[in-house]
Amino acid sequence: MKKIIQIPYILLILLGLSTACSNSGGEPSNSFDRQAMLQNFAQNLIKPAFGDLQSQVNALKAASDNFTQTVNVQNLTALQLAWENAYVSWQFANAYNFGPAGEEGIRKGLIEEIGTFPISGSKIEDAISNNNANFNDFNRDARGFLAVEYLIFDLENDNTSILTAFASQNRKDFLANAISNIKTRTDAVVSTWNNTYTTEFINNDGTDVGSSTSQLYNEFVRSFEALKNFKVGLPLGKRPGQTQTEPQLVEAYYSGKSLQMIENQFIAIQNIWYGKAKGGTDGIGFRDYLENVEGGNALISSTEAQLTVIQNTLDNIPNTPRFSAQISSNFTALDNLHTELQKHTRFFKSDMSSILGIAITFSSGDGD
Amino acid sequence: MAIKEKTAHQKTSKQSSLFQYFHDKNSLLDDLQKPVSATPLIVFKIIFGALMIFGTVRFMTLGWIEDHYVQPLFHFKYWGFSWVKPLPVFWLYVVHYLMIVAALGVMFARGFLYKISAVLLFLAFTYTELIDLTYYLNHYYFVSLVCFLLCLVPNPSPPAPSPEGRVGVESDSPFGGWGAGLRGLWVKGLLIPHWAILIFKFQIAIVYVYAGLAKITYDWLILALPLKIWLPAHDTMPLIGEIFTWQITPYVFSWFGMLYDCTIVFFLAWRPTKWFAYFTVIVFHSLTGLLFQIGIFPWVMIGATVIFLIPSSPPTPEGGADPTPTLPLGAGGLLLICFFAFQVLFPWRYLLYEGNLFWTEEGYRHSWRVMLMEKAGTATFYIKDTKTGREGVVDNSEFLNPHQEKQMAMQPDMILQFAHFLGKHYETKGVYQPEVRAEIYVTLNGRPSKLLIDPQIDLMKETDTFTPKDWILRYEDED
């Protein structure tokens, strides 16, 4: 009888021991240095991107000051070029809407504050004629880079009409204030990254919600989806309920630089995947992280195969005529781009978060 | 179940209350009605009520009433409960405050007030759970079941009317009952029928054993999946983080978890091992609580299993006392029999469906399948105007919060509900008799993602029933 009583005890002790056993049988395998990855992102991708944006915005401001001082074609062309450079540099910074560039109170993410499109021409014109522009309210479609673009580019490349319009002091003021607003917001982000946030970002190296990896990952996916849904899908009339294509909804409609921006954002997204600096130096990125987890290699090869397909589809779209015009003249090529981006979504969205064990929401999961 | 056990065993000498229960009694009914010390139940009610209050306050302070019930434009419904709608936010708060009051009632009230509290707690909690299927968690289901059982238990009663006629405590005033409940903790003499304790133990046993049996799968035991995916993500945890980078760790955790779940109630129920077993309960649930984002679940199990620790045998053996509060053999008894028959059988319904349970999830919920798989999907819905032939792609985040989208993208019944919502929504937006199809890519336990459902099927033509959904693609098929 005594022996029977002993059995459950022994079982229980065995169970307990089995945990202890792991100490002797263990060998390091699945170790990945997330901190090194975050370090690379901070030092070689994010900070340079915001830094670059800052200097381009400064150049934009200088060009604008020059232009409002002396309204002439030469200054306008310089301003347009400065805008293009600044907006290209924004494509490399627009995926990092967290931390200093994230939502806080009524301030939305940086991308909503300075990158909203399509803009509302009527809101902008109202604000100009009433001289009551407010760059901190809910009218995010009346400020930012694309509001500036609306003012300084003409759909028909008719610079003379722009020069005529800029006879108005209100218009000059609006332009100057819109650019100052972009500058204020960008400067704030850069300064926080330079002061305290870099260390905070690198040290917050877990995988829970709110960890740097999770925030970076979520914004990375959001950036990819924004590219697909808003830069390509919406003007192509891909939204349910749209009864036709709507070319006027493209990004950078007035300058016609839409395709260029799509291409640059796609490079920026791939840089995050590889952990590659804009200059080309390859560091630790999500790809390297995946190499170290269960199922990662299969995902890497399907992801990169599809990235190549997307690149080829992009390369098949000519630079002229402008993207918005090609929506009717070259629909199939653009539609292919949307299809291939769509096919890619799952690799970034669910497959990657699943095997990296990154938490997406705060809500509780099922317990054990 | 119990009857089968009883006939299957020979009478032997008593070793513990559990064995005694099966072996010593001539009549099962006698034993179920046998008056025993009410202390385990009283303690259980206090712990459970306190957890309910903690959970409710936590839910409110995290802003989850707004996040879960108010902000979403669309709510996923439980089958058969589509009539449950979220109340306006003010009333949702009222419901949550009521739950706190009701939980206090369950902890301390007696008599009529107790009954009201228990019923209220059950209804209010279950109502909030039924609002949106997205937030289904096995432990919320468990809480609902315990609330239901709490409605059925009789009030503890003194062994015999005392000379001073103190029985009147209960009936003096409803508020007299509160004090009496508190005192009940210390008055050892209070009795309840044995079944009023056994039902909770049995319910807990079902949870653990079924959770353990569910872990006996190839992926869990042989491949150590999904723990092989989940554990390395915790390598930064202080002190023990490094363990999660070792190759053997997921295997040890998988096997230990399975054996633990399958056997822990037996160790808890057996007097010589119960304290050690309870110690492992604390360690096990604390560890999983630290590792995974599972909210109050560890506290629920650590709290609920206390019922095993306090001896329930009557202080006076064979006291001959009348089984004062009897098992109502009519409606109540029948209700309990049906309840447990359902509990025992319902989790096995998956056997009636073809295909991989983890893939189709037909018969997955309400079966104590917890943390068994790593599954995620990307769902793309296409809305086609049947007049113009024009097809649009839905941006799910326009209608769903991230949690809803995540849950929907891998569960066929939720996919179907969302498809119907989208169809109706876009019809009002002018799309003519919309056809809704969905391209859903799902990854299971880190394997490359595959199509979950037939991407050509018009989901508007399908309805959600318990019959097999033939539009779910088979996991085994190669694509």
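Naming convention: chains lettered A, B, ... in sequence-line order (proteins, then strands); numbering from 1 in each chain.
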Exercise for the section: May I ask you to say whether A:R239 pairs ionically with B:E398, meaning some side-chain N is under 4.0 Å from a carboxylate O? Expected result: yes

Bottom line for A:E225: the part with an atom under 4.5 Å from chain B's heavy atoms is neither

In this structure, NE2 of B:H234 is separated from CG of A:D208 (nearest 0.5 Å) by 8.5 Å

To the nearest 0.5 Å, atom CD of B:E391 lies from atom NZ of A:K238 at 8.0 Å

dist B:S397:OG -> A:R222:CZ (nearest 0.5 Å) comes out at 9.0 Å

When the 4.5 angstrom heavy-atom criterion is applied to B:Y382 and chain A, the contacting part is side chain

- Stepwise, does the side-chain contact (heavy atoms from CB on, under 4.5 Å) test hold for A:E294 with B:N445? CA-CA 9 Å; A:E294 184 78 18; B:N445 281 346; over 6 Å; no

So CZ of A:F32 and OG1 of B:T245: to nearest 0.5 Å the spacing works out to 14.0 Å

Q. When you look at A:T207 and B:W230, which way does the side-chain contact (heavy atoms from CB on, under 4.5 Å) test go after all the steps?
A. CA-CA 10 Å; A:T207 51; B:W230 290 341; over 6 Å; no

Shortest non-hydrogen pair, A:R34 vs B:P232, comes out as NH1-O, 4.5 Å

message = If we ignore hydrogens and angles and just use 3.5 Å, is the side chain of A:S350 paired with the main-chain N or O of B:T378 as donor and acceptor?
response = yes

If one checks every heavy atom of A:S302 against chain B at 4.5 Å, the contacting part turns out to be neither

With distance as the sole test, does B:R390 use its side chain to make a donor-acceptor pair with the main-chain N or O of A:G237 at under 3.5 Å? yes

Given A:H338, A:Q244, A:K228, the one with more heavy-atom pairs under 4.5 angstrom with chain B than any other is A:Q244

Pair count under 4.5 Å, heavy atoms only, with chain A: among B:D67, B:I383, B:V393, B:I229, highest is B:V393

Original post:
Below 4.0 angstrom, N of the basic side chain to O of the carboxylate: do B:E405 and A:K349 qualify?
Top reply: yes

Most contact-rich option vs chain A, by heavy-atom pairs under 4.5 angstrom, among B:K429, B:K375, B:E374, is B:E374

Turns out that what part of A:F348 lies under 4.5 Å from chain B's heavy atoms comes down to neither

Worksheet item: Does B:W299 CH2 have over 12 foreign heavy atoms under 6.0 Å away?
Response: no

*Is it the case that B:T443 and A:D351 place a side-chain donor and acceptor less than 3.5 Å from each other?*
no

Of A:T213, A:L356, A:I355, the largest count of non-hydrogen pairs under 4.5 angstrom with chain B goes to A:I355

Whatever's closer than 4.5 Å to a heavy atom in chain A on B:L225 counts as side chain

Practice item. State whether the number of non-hydrogen atoms from other residues, nucleotides or ligands found under 6.0 Å of B:F279 atom CZ is greater than 12. Key: no

Cut-off 4.5 Å, heavy atoms of chain A, and the answer for B:R447 is neither

When the 4.5 angstrom heavy-atom criterion is applied to B:V394 and chain A, the contacting part is both

Highest number of heavy-atom pairs under 4.5 Å with chain A among B:V300, B:T380, B:V431, B:V283 belongs to B:T380

